Amino acid sequence: MKDLKVVFMGTPDFSVPVLQGLIDTCNVIGVVTQPDKEVGRKKEIEFSPIKKLAIANNIKVLQPEKIRTDFQCVLDLNPDIIITCAYGQIIPVEILEYPKYKCINVHASLLPKYRGGAPIHRAIINGEKETGITIMYMAPGMDDGDIISQEKISIGENETVGELHDKLSIMGKELLLKTLPSIIDGTNERIKQDETKVSLAKIIKKEDEVIDFNDSAINVHNKIRGLSPFPGGYALLEDKRVKFYKSKVEKTNIAALPGTIVKVDKTGMYVKTNDELVVIEELKIEGKKRLTIQDLLNGMNKEELLNKIFRKE
RNA sequence: CGCGGGAUGGAGCAGUUUGGUAGCUCGUCGGGCUCAUAACCCGAAGGUCAAAGGUUCAAAUCCUUUUCCCGCAA
């Protein structure tokens with residue numbers, strides 16, 4: 001496959017291993033990624049992870065504002081195949097139909113479940129026991145093309161979205177490289193998605209990051225790990241925003257208002273929900289660094305925390 | 001120059017308002033107790049208080065500048 005002319009379209013960290021895999025095995029003639037944005041406190045311009053990798057490998061980088069209209073530059077590269085992975089824009093049909101071997105997408109869910117922009121987050125938040133990677137032909141709609149191959153992975157009870165993200169990212173690369181030869185020689189499968197089983201994984205918005213302890217412990221726990229380490233689920237404690245990073249569920253018969261800190265020791269901060277307890281093991285208080293509860297207690301008395309109540313906005 | 005918080009032994013913090021010998025909770029190392037321990041007791045090491053400059057008899061503390069970290073907003 002060394003002479004296969006590939007154009008890769010992607011943006012975030014998730015797509016980095018996939019691009020690296022293609023660089024190692026194919027002739028990547030160009031990379032398309034989102035335009036540079038001002039990022040962070042100082043509004044410094046930062047290149048996307050994919051752009052950085054492309055530059056390091058002397059690969060041409062294209063960053064059209066709107067791929068829907070600015071697609072000619074991609075066609076001009078005259079690729080044999082286009083591979084996309086978390087690019088971030090809808091790709092117009094002019095591009096999809098152009099390459100000899102069409103456009104192939106690497107998606108982080110078992111389609112038709114979790115179509116959309118945040119499949120890993122949503123799978124964990126919803127308490128799924130398994131998810132996976134889908135390699136598919138792209139179609140004009142959102143993640144609705146025909147499936148070529150899939151691979152499953154189970155989700156651990158306390159696994160965070162960060163941990164799962166990294167595993168799926170590697171799995172995406174491996175499944176793509178395994179599947180690619182069959183696409184080139186035309187022996188691949190091509191399965192239509194079952195439209196009756198479609199679900200959507202909408203991107204995470206501000207209001208999705210609020211942790212409401214007036215919910216079941218398992219839901220709170222799933223939301224915390226489904227947002228950890230980024231963007232981080234939070235609640236307010238005495239006007240300070242506290243983000244949660246690690247947690248687990250523990251049964252209790254203690255009666256207390258949802259959100260109350262009923263116990264604190266070096267193993268964690270035990271917070272009541274509307275049924276059981278959620279044990280917070282790692283958090284970050286506004287203005288501070290991310291800390292384990294043991295580190296937090298080294299710097300403050302546990303009585304300062306006991307019986308305080310977390311609330312939402 | 002978008003707004004705000006922060007930087008103090010390896011970790012987390014107090015001390016800064018009102019300048020005057022570097023403190024707490026842990027960790028580490030050594031010893032003791034114990035059937036044993038993440039428990040308890042005794043002891044030790046480890047910090048030019050982010051950096052530079054200034055004020056002062058004297059600066060972690062007051063003034064100026066810089067760097068890095070965190071939250072918000074984009």
Side-chain angles (χ1 to χ4, degrees), chain A residues 10-14 33-52 63-67 86-90 116-118 121 125 158 160-163 165-166 202-213 220-221 223-252 259 261-271 277-313:
Chain A
T11 301
D13 286 318
F14 184 80
T33 191
Q34 292 275 43
D36 301 330
K37 279 191 238 164
E38 292 175 339
V39 165
R41 273 171 282 274
K42 293 171 189 167
K43 296 194 173 177
E44 283 165 347
I45 294 202
E46 185 159 8
F47 295 168
S48 75
I50 284 298
K51 181 169 177 178
K52 288 180 192 165
Q63 299 178 277
E65 276 296 331
K66 287 187 178 160
I67 192 77
Y87 169 54
Q89 292 190 45
I90 299 283
H121 292 83
I125 290 170
N158 296 320
T160 63
V161 74
E163 292 159 354
H165 168 283
D166 293 351
K202 290 189 211 155
I203 60 170
I204 305 292
K205 294 213 173 106
K206 243 326 19 80
E207 58 264 31
D208 295 320
E209 295 166 22
V210 177
I211 301 296
D212 182 2
F213 286 96
V220 169
H221 170 62
K223 197 159 181 184
I224 288 173
R225 66 197 181 96
L227 295 171
S228 170
F230 186 82
Y234 70 92
L236 294 180
L237 186 67
E238 305 205 310
D239 298 326
K240 286 209 171 143
R241 193 180 287 237
V242 179
K243 291 196 177 191
F244 308 109
Y245 294 97
K246 282 198 72 165
S247 62
K248 63 185 180 190
V249 171
E250 187 160 303
K251 292 204 181 301
T252 186
I261 300 169
V262 297
K263 177 181 159 191
V264 184
D265 63 29
K266 61 188 172 189
T267 67
M269 179 185 280
Y270 296 68
V271 183
L277 297 177
V278 168
V279 185
I280 307 295
E281 296 173 326
E282 236 176 292
L283 52 67
K284 178 155 61 185
I285 297 174
E286 186 177 324
K288 302 288 189 180
K289 288 183 188 151
R290 179 173 165 174
L291 295 179
T292 61
I293 299 303
Q294 169 145 26
D295 281 340
L296 182 74
L297 286 178
N298 280 338
M300 73 192 297
N301 205 313
K302 66 175 72 166
E303 274 71 36
E304 292 176 49
L305 293 166
L306 268 181
N307 297 321
K308 297 261 171 81
I309 299 178
F310 282 107
R311 47 175 225 285
K312 42 180 194 166
E313 233 41 62

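Nothing here was measured: the structure is a model prediction, and the numbers come from that model. Each chain gets a letter, A, B and so on, in the order its sequence line appears, and its residues count up from 1.
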Checklist entry - Does the side chain of S228(A) come within less than 4.5 Å of E282(A)'s, by heavy atoms? => result no
Item to check | Watson-Crick or G-U wobble partner of rG4(B), both distances under 3.5 Å | outcome: rC70(B)
Checklist entry - For L305(A) and rG12(B), what is the distance between atoms CG and C1' respectively, to the nearest whole Å? => result 13 Å
Next on the checklist: When the C1' atoms of rG15(B) and rU61(B) are compared, how many Å lie between them, rounded to an integer?
Outcome noted: 9 Å
Checklist entry - Considering only the C1' atoms, how many Å lie between rG20(B) and rG2(B), rounded to the nearest integer? => result 41 Å
Next on the checklist: Under a 3.5 Å cut-off for both contacts, is rC62(B) paired Watson-Crick or G-U wobble with anything, and if yes, with which nucleotide?
Outcome noted: rG54(B)
Item to check | Whole-Å distance separating the CG atom of N298(A) from the P atom of rG9(B) | outcome: 14 Å
Checklist entry - What is the distance from atom CD1 of I280(A) to atom NE2 of H221(A), rounded to the nearest 0.5 Å? => result 10.0 Å
Next on the checklist: Would you say CD of E65(A) has more than 12 non-hydrogen atoms from neighbouring residues, nucleotides or ligands within 6.0 angstrom?
Outcome noted: no
Next on the checklist: Please classify the nucleic acid contact of D295(A) as base, sugar-phosphate, or nothing, using heavy-atom distances under 4.0 Å.
Outcome noted: sugar-phosphate
Checklist entry - With a 4.0 Å cut-off on heavy atoms, is K37(A) in touch with a base, just the backbone sugar-phosphate, or nothing at all? => result nothing
Item to check | Nearest-angstrom distance from the residue atom NZ of K288(A) to C1' of rA7(B) | outcome: 10 Å
Item to check | Under 4.0 angstrom between K243(A) side-chain N/O and rC72(B) OP1 or OP2 | outcome: yes
Item to check | Closest to the Q294(A) side chain, choosing from rC26(B), rC13(B), rC72(B) | outcome: rC26(B)
Item to check | Atom-to-atom span, CD1 of I285(A) to C1' of rC13(B) - whole angstrom | outcome: 11 Å
Checklist entry - Heavy-atom distance under 4.5 Å between the side chains of V262(A) and T252(A), does that happen here? => result no
Next on the checklist: Using the P atom as the point on both nucleotides, what is the distance between rA73(B) and rC13(B), in whole Å?
Outcome noted: 23 Å
Checklist entry - Quick one: are Y270(A) and I261(A) in side-chain contact, heavy atoms under 4.5 Å? => result no
Checklist entry - Would you say a side-chain N or O of K240(A) is under 4.0 Å from OP1 or OP2 of rG5(B)? => result no
Checklist entry - If we take the P atom in both rA59(B) and rG19(B), what is their distance in whole Å? => result 14 Å
Next on the checklist: Would you measure the distance from the C1' atom in rC63(B) across to the matching atom in rU21(B) and give it in whole Å?
Outcome noted: 25 Å
Checklist entry - K206(A) side chain N/O closer than 4.0 Å to the phosphate oxygens (OP1, OP2) of rA73(B)? => result yes
Checklist outcome for this item: Between CZ of R290(A) and C1' of rG6(B) the distance, given in whole Å, is 19 Å
Next on the checklist: Mind checking if K266(A) touches a base, just sugar-phosphate, or nothing, with heavy atoms under 4.0 Å?
Outcome noted: sugar-phosphate
Item to check | Nearest-angstrom distance, P atom, rG12(B) to rG6(B) | outcome: 16 Å
Item to check | Atom-to-atom span, CZ of R241(A) to P of rG4(B) - whole angstrom | outcome: 17 Å
Item to check | Whole-angstrom distance between rA11(B) and rC69(B), as gauged at atom C1' | outcome: 16 Å
Next on the checklist: Other residues, nucleotides and ligands only: do more than 12 of their heavy atoms fall within 6.0 Å of NZ on K52(A)?
Outcome noted: yes
Item to check | Pair partner, rG43(B) [Watson-Crick or wobble, under 3.5 Å] | outcome: rC29(B)
Item to check | Separation of the P atoms in rG9(B) and rC24(B), to the nearest angstrom | outcome: 15 Å
Checklist entry - How many Å lie between OH on Y234(A) and P on rC70(B), as a whole number? => result 19 Å
Next on the checklist: Rounded to whole Å, please give me the gap between CE in M300(A) and P in rA14(B).
Outcome noted: 10 Å
